[in-house]
Amino acid sequence: MLNLILLGPPGAGKGTQAKLVQDKYKIVQLSIGDMLRAEVAAGSELGRQAKQIMDAGALVSDDLIVKMITSRIAKPDCKNGFIFDGFPRTIPQAEALDTMLKDSGIKIDHVVEMRVDDEAMVSRITGRYTCAKCGAGYHDTLQAPKAGGICDKCGGREFTRRADDNAETVRTRLKAYHAHIAPIAGYYAKNGVLKGVDGMAPIPEVTRQIAAILG
Ligand code: ADP
Ligand code: ZN
């Protein structure tokens, strides 16, 4: 089993790298944002609460997130391991995660911190979009599909953009990230599982650095 956490500000490339790691190691990418957006799309009560908070660029409660994750990692598709993308963001979340994992007899093997330059993140985020059918990630200029308007992976022609991927919300999210990340990085550094990669490098180079850590 290989359990991994990717840390980095919005736009750092967590989603991009998580998808590559997922395919290579047959483990499942768990994005809190995706789980929450699924709840929003389903129109659940939890989804409606989460939507208000996310639209404002703020963070949903630890309690709500840990509940959602507990049931998610118990599903059979997580048996080879999982990648958390952008979670945990607070010390109480990290502690709750540890407690929950200990109860299930599993542990986090590596925490990979993607180090990037904040200013570059605004253009990365405002230009990104995903295939509506298969979820493949693209960017207007940094990572466009090979044939204009057609998904490389599935041939889909419809794409979606996240409502909160605008410059103003990105700046709020970057601020929230920095306020929370230093203690989280410290928490995992203490456990000896924290490793850094250069998130400003081209996508394949970042993938190589992550593969070197995972072995
Ligand atoms: P995150 O999940 O950390 O918010 P994404 O993986 O969605 O970030 O990446 C944000 C955007 O930047 C995407 O459009 C992606 O194609 C692009 N991107 C990701 N990694 C890199 C990189 N190393 N260099 C250039 N662009 C990148
Ligand atoms: Zn697709």
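Keep in mind it's a predicted model, so treat the numbers as computed, not measured. Numbering of ligands and ligand atoms starts at 1, following listing order.
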Practice item. Around atom 13 (C) of ligand 1, find the nearest protein heavy atom and jot down its residue, atom name and distance. Key: Arg128 CB, 3.8 Å
**Study point:** Which of the ligand 1 atoms, numbered from 1, are nearer than 4.0 Å to a heavy atom of Ala12
**Key:** 3 (O), 8 (O)
Review point. At a 4.0 Å threshold, what atoms of ligand 1 neighbour a non-hydrogen atom of Tyr138?
Key: 14 (O)
Study note, to complete from the structure: Note: SG(Cys151)-the Zn ion (ligand 2)-SG(Cys131) angle, rounded to 10 degrees, equals 110°
**Study point:** Salt bridge flag under 4.0 Å for residues Arg124 and Asp165
**Key:** no
Review point. Taking Asp198 for the side chain and Met200 for the main chain, is one N or O donor matched with an acceptor at less than 3.5 Å?
Key: yes
Point to revise | Protein contact of atom 21 (C) of ligand 1 - nearest heavy atom, named by residue and atom, plus distance | key: Ile203 CG1, 3.4 Å
Check your understanding: Taking Lys107 for the side chain and Lys102 for the main chain, is one N or O donor matched with an acceptor at less than 3.5 Å?
Key -> no
**Study point:** Asp140 and Arg161 ion-paired at < 4.0 Å
**Key:** yes
Exercise for review: Run the numbers for me: atoms of ligand 1, each under 4.0 Å from some heavy atom of Pro10, listed by number.
Suggested key: 4 (O)
Review point. Quick one: does Ile125 get a heavy atom under 4.0 Å from ligand 1?
Key: no
Practice item. Ignoring hydrogens and angles, tell me if any N or O in the side chain of Tyr138 forms a donor-acceptor pair with the backbone of Arg128 under 3.5 Å. Key: no
Review point. Between the main-chain N or O of Met1 and the side-chain N or O of Asn80, is there a donor-acceptor pair closer than 3.5 Å?
Key: no
Exercise for review: Please indicate whether any nitrogen or oxygen in Gly11 is less than 3.5 Å from any nitrogen or oxygen in ligand 1.
Suggested key: yes
**Study point:** Test side-chain contact (heavy atoms from CB on, under 4.5 Å) applied to Lys19 and Gln29, step by step
**Key:** CA-CA 7 Å; Lys19 283 204 169 60; Gln29 175 196 6; 3.5 Å; yes
Review point. Is ligand 1 less than 4.0 angstrom away from at least one heavy atom of Gly199?
Key: yes
Practice item. Enumerate the atoms of ligand 1 whose separation from the nearest heavy atom of His139 is less than 4.0 angstrom. Key: 14 (O), 16 (O)
Check your understanding: Can you check whether Lys195's main-chain N or O pairs, donor with acceptor, with Tyr188's side chain at less than 3.5 Å?
Key -> no
Exercise for review: Give the atoms of ligand 1, by number and element, whose distance to some non-hydrogen atom of Pro9 is under 4.0 Å.
Suggested key: 3 (O)
Exercise for review: Using distance alone, with no hydrogens and no angle criterion, decide if Asp118 and His178 have a side-chain donor and acceptor under 3.5 Å apart.
Suggested key: yes
Review point. Hey, which atoms in ligand 1 end up nearer than 4.0 Å to a heavy atom of Gln143?
Key: 15 (C), 16 (O)
**Study point:** Cationic N near anionic O, under 4.0 Å, Arg162 to Asp164
**Key:** yes
Check your understanding: In terms of atom number and element, which parts of ligand 1 are under 4.0 angstrom from non-hydrogen atoms of Leu142?
Key -> 26 (N)
Point to revise | Atom indices of ligand 1, in the order listed, that fall short of 4.0 Å to a heavy atom of Gly15 | key: 1 (P), 2 (O), 6 (O)
Practice item. With atom 6 (O) of ligand 1 as the reference point, say which of Val206, Thr16, Leu6 has the nearest heavy atom. Key: Thr16
Practice item. Using modelled atom types only, decide if a donor and an acceptor are shared between the side chain of Lys26 and the backbone of Gly81 within a distance under 3.5 Å. Key: no
Point to revise | Whether Gly137 lies under 4.0 Å from ligand 1, heavy atom | key: no
**Study point:** Pick from Pro204, Gly13, Ala201: the one approaching atom 23 (N) of ligand 1 most closely through a non-hydrogen atom
**Key:** Ala201
Revision key, fill the gap. Rounded to 10°, the SG/Cys134 to the Zn ion (ligand 2) to SG/Cys154 angle comes out at 110°
Exercise for review: With atom 24 (N) of ligand 1 as the reference point, say which of Arg173, Lys14, Arg124 has the nearest heavy atom.
Suggested key: Arg124
Check your understanding: Quick check: does any side chain N or O of Gln93 sit under 3.5 Å from a backbone N or O of Arg89, one acting as donor and the other as acceptor?
Key -> yes
